[in-house]
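Only heavy atoms go into these numbers, but all of them, side chains included; no hydrogens, no water, no symmetry mates.
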Amino acid sequence: MSELLEEWRRAKALFHYPTMKDPRLGEQATGARYDFRAGQVAIDPKVAAGLAEKSGASPGEMLHGLSVLAISQYMAYPRTLANALFLYKVIADFRQAEDSPSFVPLVFRSFCDLAAGVTCSRRPEQRDPYLKTLSACAAEMEGRERELYELLLAFLRGESDPDLTESLSAVDLGQASRAIETTRLGCLRWMETLRHAGWAHDEEGDEASRGGGGNALTGAGKGGTPAASLLEEIVRAPRRQVEDALTELADRLTRGEYCQLEQVVETFLRTPQSGTARSDGLKSYG
């Protein structure tokens, strides 16, 4: 625990010491998880050790990197439950009837990693551990999900196809957590990129793209990133927290958009997404 706290505090220093509780130890499939309810991160040292062994990094480096990834969810994107809910609405708005069920969680978690990565890439001290750890996480993925994250990482490194670089760079994704239109346009362009590359449809036998063996909500199979847990956090959020998130968005949306968001949330809550419904969470909202 002492090594984890040391690496956690080093990571917090890179973000100018945000007011976050010290992390707790816990089994996490993706190595780290940000809990909106508690305002706390849970980190799994066993996952960090496994990533370190396969990537050639030290366990301390991976603990540090997982801390950076988790803190970036709080500091860069999505930052708040309201932003996460709005992102889900945008994806639901732009989803096409022929898209596979796994496409929504795939877009959600990869866009969170993309937007947070763009913000972190502006500071070398954040960029290096972010990309190194995200690369280690991607190496644990399977099938087309791994290919997708290789594309995402290439963009963050400035090594992607010029057309993709031009399309995404035209949107300041570093402002996604603060600007509704940035989230909307950036997410639309990312969805178009993935759809054009064929990621909107599952390939036969590709369990990773369907979330086979993984979590039915996040769509994550083997491996994953901390962003894969964010949809679960929406489901687990208490009713009051959802109401506060909707109130936060009320001044940023038109009345029509706000009513659509309420409908999306209601549909999301009443559709079985993962495991058993919680009486104190989103599934009881409304």
Side-chain angles (χ1 to χ4, degrees), residues 30 77-78 83-117 138 141-155 160-161 163-164 167-168 170-171 173 176 180-225 227-235 256-257 259-275 282-283:
T30 59
Y77 193 84
N83 286 332
L85 283 172
F86 181 72
L87 174 61
Y88 185 85
K89 175 195 179 297
V90 170
I91 298 170
D93 286 345
F94 293 135
R95 181 172 181 258
Q96 298 178 2
E98 61 270 23
D99 292 342
S100 70
S102 65
F103 191 51
V104 170
L106 180 66
V107 174
F108 185 94
R109 65 180 182 273
S110 59
F111 185 80
C112 286
D113 286 325
L114 177 66
M141 298 175 187
E142 296 178 335
R144 291 189 299 161
E145 184 177 29
R146 181 169 179 172
E147 294 174 11
L148 185 156
Y149 267 82
E150 289 172 352
L151 174 72
L152 188 156
L153 284 160
F155 172 75
S160 63
D161 176 271
D163 290 339
L164 175 63
S167 175
L168 291 180
V171 184
L173 294 175
I180 288 291
E181 283 307 312
T182 301
T183 298
R184 197 193 318 270
L185 181 57
C187 184
L188 176 58
R189 293 196 177 189
W190 184 236
M191 289 180 77
E192 289 174 341
T193 296
L194 303 191
R195 191 174 281 118
H196 180 72
W199 275 296
H201 307 287
D202 294 338
E203 290 183 347
E204 185 177 354
D206 188 357
E207 291 191 356
S209 69
R210 295 192 300 272
N215 184 288
L217 172 64
T218 64
K222 180 181 178 183
T225 74
S229 69
L230 288 175
L231 276 177
E232 276 191 356
E233 291 303 322
I234 294 178
V235 170
E257 288 177 321
C259 290
Q260 289 175 353
L261 177 59
E262 286 187 310
Q263 292 175 357
V264 167
V265 170
E266 182 70 13
T267 300
F268 183 75
L269 303 187
R270 298 196 182 285
T271 301
Q273 299 281 346
S274 172
L282 274 172
K283 292 182 182 293

Stepwise side-chain contact (heavy atoms from CB on, under 4.5 Å) test for Leu168 and Arg189: CA-CA 7 Å; Leu168 291 180; Arg189 293 196 177 189; 4.1 Å; yes
Chi angles and distances behind the side-chain contact (heavy atoms from CB on, under 4.5 Å) call for Val107, Phe94: CA-CA 11 Å; Val107 174; Phe94 293 135; over 6 Å; no
Evaluation steps, side-chain contact (heavy atoms from CB on, under 4.5 Å), between Trp190 and Val171: CA-CA 11 Å; Trp190 184 236; Val171 184; over 6 Å; no
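Rounding to the nearest 0.5 Å places OG1 of Thr193 at 9.5 Å from CG of Leu188. Atoms OG and CG, from Ser160 and Leu151 in turn, are 7.0 Å apart once rounded to the nearest 0.5 Å. Atom CD of residue Glu147 and atom CH2 of residue Trp199 lie 6.0 Å apart, to the nearest 0.5 angstrom. Rounded to the nearest 0.5 Å, atoms CG (Leu231) and SG (Cys112) are 7.5 Å apart. One distance of note links CG of Leu106 with CE of Met191; it measures 10.0 Å at 0.5 Å rounding. For the atom pair CZ of Phe111 and OG1 of Thr183, the computed distance is 5.5 Å after rounding to the nearest 0.5 Å.
The two residues Tyr149 and Ser110 have their closest heavy-atom pair at OH-CA, 3.4 Å. In this structure, Ala200 and Arg195 approach most closely via the heavy-atom pair CB-CG, 4.0 Å. Of all non-hydrogen atoms in Leu153 and Ala138, the two that sit nearest each other are CD1-CB, 4.0 Å. Taking each heavy atom of Val104 and Arg95 in turn, the nearest pair found is CG2-CD, 3.2 Å. The two residues Leu173 and Gly186 have their closest heavy-atom pair at CD2-CA, 3.8 Å. For Phe108 against Tyr88, the heavy-atom pair with the smallest separation is CE1-N, 4.2 Å.
Using a cut-off of 4.0 Å between Lys/Arg side-chain N and Asp/Glu carboxylate O, Asp93 and Lys89 are scored as salt-bridged.
Among residues two or more places apart in sequence or in another chain, the salt bridge (charged side-chain N to carboxylate O under 4.0 Å, His left out) test is passed with Arg184 by Glu181, Glu257. Scored by the side chain to side chain donor-acceptor pair (under 3.5 Å) test, Thr182 finds no partners at all (sequence neighbours excluded). Applying the salt bridge (charged side-chain N to carboxylate O under 4.0 Å, His left out) test to Glu150 and every residue at least two apart in sequence or in another chain returns Arg146.
At a threshold of 4.5 Å between non-hydrogen side-chain atoms, the residues Leu148 and Leu194 count as touching. Contact check for Leu87 versus Pro78: no side-chain heavy atoms found under the 4.5 Å cut-off.
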